[in-house]
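Reviewing the structure listed below.
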Protein chains: 2
Amino acid sequence: MRWKKISDAVVRRLPLYLRVLDELAKNKDAKLISSHELGERAGVGPALVRKDLAWFGEFGKQGVGYEIEYLRLELRKILNLENVIRVAVVGVGSLGAALARFHIKKFLEDESFNLKVCALFDADPDKHGDMHEGLHVRDMEELEDVIRSEDIEMAIITVPAEFAQDVATNLANAGIRAILNFAPVKISVPDHVQLATADLSLELQRLAYYLQEE
Amino acid sequence: MRWKKISDAVVRRLPLYLRVLDELAKNKDAKLISSHELGERAGVGPALVRKDLAWFGEFGKQGVGYEIEYLRLELRKILNLENVIRVAVVGVGSLGAALARFHIKKFLEDESFNLKVCALFDADPDKHGDMHEGLHVRDMEELEDVIRSEDIEMAIITVPAEFAQDVATNLANAGIRAILNFAPVKISVPDHVQLATADLSLELQRLAYYLQEE
DNA sequence: TAGATTGTTAATCGATTAACAATC
DNA sequence: TAGATTGTTAATCGATTAACAATC
């Protein structure tokens, strides 16, 4: 299933729409939703909602709107969230451990959440063998083997900034296709690897700007 | 110090430039940097670097470039990072505790890092009094008093999604001016409160899209 | 002086919004 | 049929890039 050249600005809004639909589906408030209301709840204009969805097909009915459950399932298909995606966490400090814990719990509790953390890695030998939510911390030496044998496609990097680039390179070499980076550095990856950044320092510094009196 | 109507797209790049300058200043590699090299290191085009900086003044010299240390200090002024900014963490689960720990350590280790976590709050009475890096967990009842008496301007929300909006409202009422929200929900705040979102689920779902074969 | 690089204006590019015919 | 809302095209808006005179 491929629709070429969809802008990332569009792709970023799809999970937003999906979240609204998940919520509505759970509460069974209604069967239908208009682009106006979906946009309202997602924080996006109604015209943009329609345009975003139209890139992938015709999901609505004129004069009626979109069927919530149907659109929800279609969006899950589009976002590739139908099958379980295996995830590794590299760097098991308190942040890495917390993220692993959070996602493992969510996977167990929410049946529509399809991201499964299934391996933890850390360079510190003292941590090897430590258990977190049923997973033990592995040596970085095992990275490539485990990623390949366990079909891990995504990784979360929570190592100190100075090691992040090396880790990212190793992950790319091991066949990882998407990385969420928490380390406060710009990292480079090959074109076929997707990168998302959760750079808290950057966000906090940006917020500081707006604290100034206006 | 106010320059009206600077676009957020511009403000978001300033911390990126600052990080590059911090790095260069630490290593004392050189005294000067061109927009070309600064852009290179920050991942931004050279013309855009010059245009971004030009919003705030004339910091460079034609034919020469920008003085690293000078520009670094000017950027710190512009971003309002000269004085310590006090921060509260609301929701002390494993993620909240990890973030508090991370930032408190960074504040102690890096003298140019001016964000100081100085209060922790949680709704769970079992956690009240627990210590994290020298701070005890307080009751939510104390939120407003403590924020006002300790001059706390910024908050990090790490409570479960269903409580995030209430917490944000309470924070806004207590006079908080900027919020970094980790809860996976859209929250609304008054216009005078700045909001940054660290919505990991959204990022991971976006990444999932790109895992599809092309 | 010759070479380099800024600050700034004009041109381009891309994303959002408005408008509306099609149609349920 | 009358009212509503989609999918889509055209208009607008804003952000980035290219170009270049000014000048160190």
Side-chain angles (χ1 to χ4, degrees), chain A residues 3-17 20-21 24 29-75 78 186 202 206 209, chain B residues 3-17 20-21 24 29-75 78 186 202 206 209:
Chain A
W3 318 263
K4 266 215 272 327
K5 287 165 155 283
I6 304 289
S7 135
D8 188 60
V10 175
V11 178
R12 281 176 182 277
R13 285 187 294 266
L14 302 179
L16 232 46
Y17 303 146
V20 172
L21 296 167
L24 291 166
D29 299 323
K31 281 194 110 50
L32 295 165
I33 192 168
S34 64
S35 60
H36 184 84
E37 189 175 350
L38 178 48
E40 177 87 272
R41 294 185 187 239
V44 169
L48 193 48
V49 171
R50 295 199 298 276
K51 197 158 204 290
D52 284 344
L53 296 175
W55 287 101
F56 302 96
E58 306 197 355
F59 303 113
K61 273 203 180 65
Q62 279 105 324
V64 179
Y66 300 90
E67 228 194 287
I68 291 168
E69 189 57 23
Y70 172 68
L71 183 57
R72 184 177 97 91
L73 294 175
E74 288 299 316
L75 271 177
I78 292 166
K186 193 193 147 208
L202 252 32
R206 176 174 74 89
Y209 174 84
Chain B
W3 315 265
K4 266 214 275 322
K5 287 164 156 287
I6 304 289
S7 135
D8 189 60
V10 175
V11 177
R12 281 176 182 278
R13 285 186 294 265
L14 302 179
L16 233 45
Y17 303 147
V20 171
L21 296 168
L24 291 166
D29 299 323
K31 282 194 109 51
L32 295 164
I33 192 167
S34 64
S35 60
H36 185 84
E37 190 176 349
L38 178 48
E40 177 87 272
R41 295 185 187 239
V44 169
L48 193 48
V49 171
R50 295 199 297 278
K51 197 157 206 290
D52 284 346
L53 297 175
W55 287 101
F56 302 97
E58 306 197 356
F59 303 113
K61 271 202 182 63
Q62 278 107 325
V64 179
Y66 300 90
E67 228 194 288
I68 292 169
E69 189 57 24
Y70 172 67
L71 184 57
R72 185 177 98 89
L73 294 175
E74 288 299 316
L75 271 176
I78 292 166
K186 193 193 147 209
L202 252 29
R206 176 174 74 90
Y209 174 85

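All heavy atoms count here, side chains included; hydrogens, waters and symmetry mates do not. Fair warning: this is a prediction, and the values are worked out from it, not measured in the lab. Proteins get letters first, then strands, A, B, ... in listed order; numbering begins at 1 in each.
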For this session: Rounded to the nearest angstrom, tell me the gap between atom CD in A/E37 and atom P in D/dT6.
Result: 11 Å

For this session: Can you see which heavy atom on A/Y17 is nearest to which on A/D52, and at what distance?
Result: OH-OD2, 2.6 Å

Exercise. Taking the side chain of A/K51 as its heavy atoms from C-beta onward, which of C/dT16, D/dT6, D/dT17 lies nearest to it?
Worked result: C/dT16

Problem set entry | Identity of whatever pairs with D/dC20 - Watson-Crick or G-U, under 3.5 angstrom | C/dG7

Exercise. So, is A/S7 close to the C/dA15 phosphate, meaning a side-chain N or O under 4.0 Å from OP1 or OP2?
Worked result: yes

Problem set entry | From D/dT8, C/dT6, C/dG7, nucleotide with atom closest to B/A54 side chain | C/dG7

Exercise. Just to confirm, is there a sub-4.0 Å distance from OP1 or OP2 of D/dG7 to any side-chain nitrogen or oxygen of A/R50?
Worked result: no

Seminar exercise, completed: Between NZ of A/K5 and P of C/dG14 the distance, given in whole Å, is 9 Å

For this session: Nearest whole angstrom, please: distance from the C1' of C/dG14 to the CZ of A/R12.
Result: 16 Å

Problem set entry | Phosphate OP1/OP2 of C/dC24 contacted by A/Y66 side-chain N/O (<4.0 Å) | no

Problem set entry | Phosphate contact (D/dT5 OP1 or OP2) by A/S35 side-chain N/O below 4.0 Å | no

Exercise. Which one, D/dT16, C/dG7, D/dT8, comes nearest to the side chain of A/E58?
Worked result: D/dT8

Exercise. Any side-chain heavy atom of A/D8 sitting closer than 4.5 Å to one from A/R12?
Worked result: yes

Problem set entry | Proximity to the side chain of B/S34 - top-ranked nucleotide from D/dG7, C/dT6, D/dT9 | C/dT6

Problem set entry | Complementary nucleotide for C/dT12 - Watson-Crick or wobble, under 3.5 Å | D/dA15

Seminar exercise, completed: Considering only heavy side-chain atoms of B/A9, the closest of C/dT23, D/dC24, D/dA15 is D/dA15

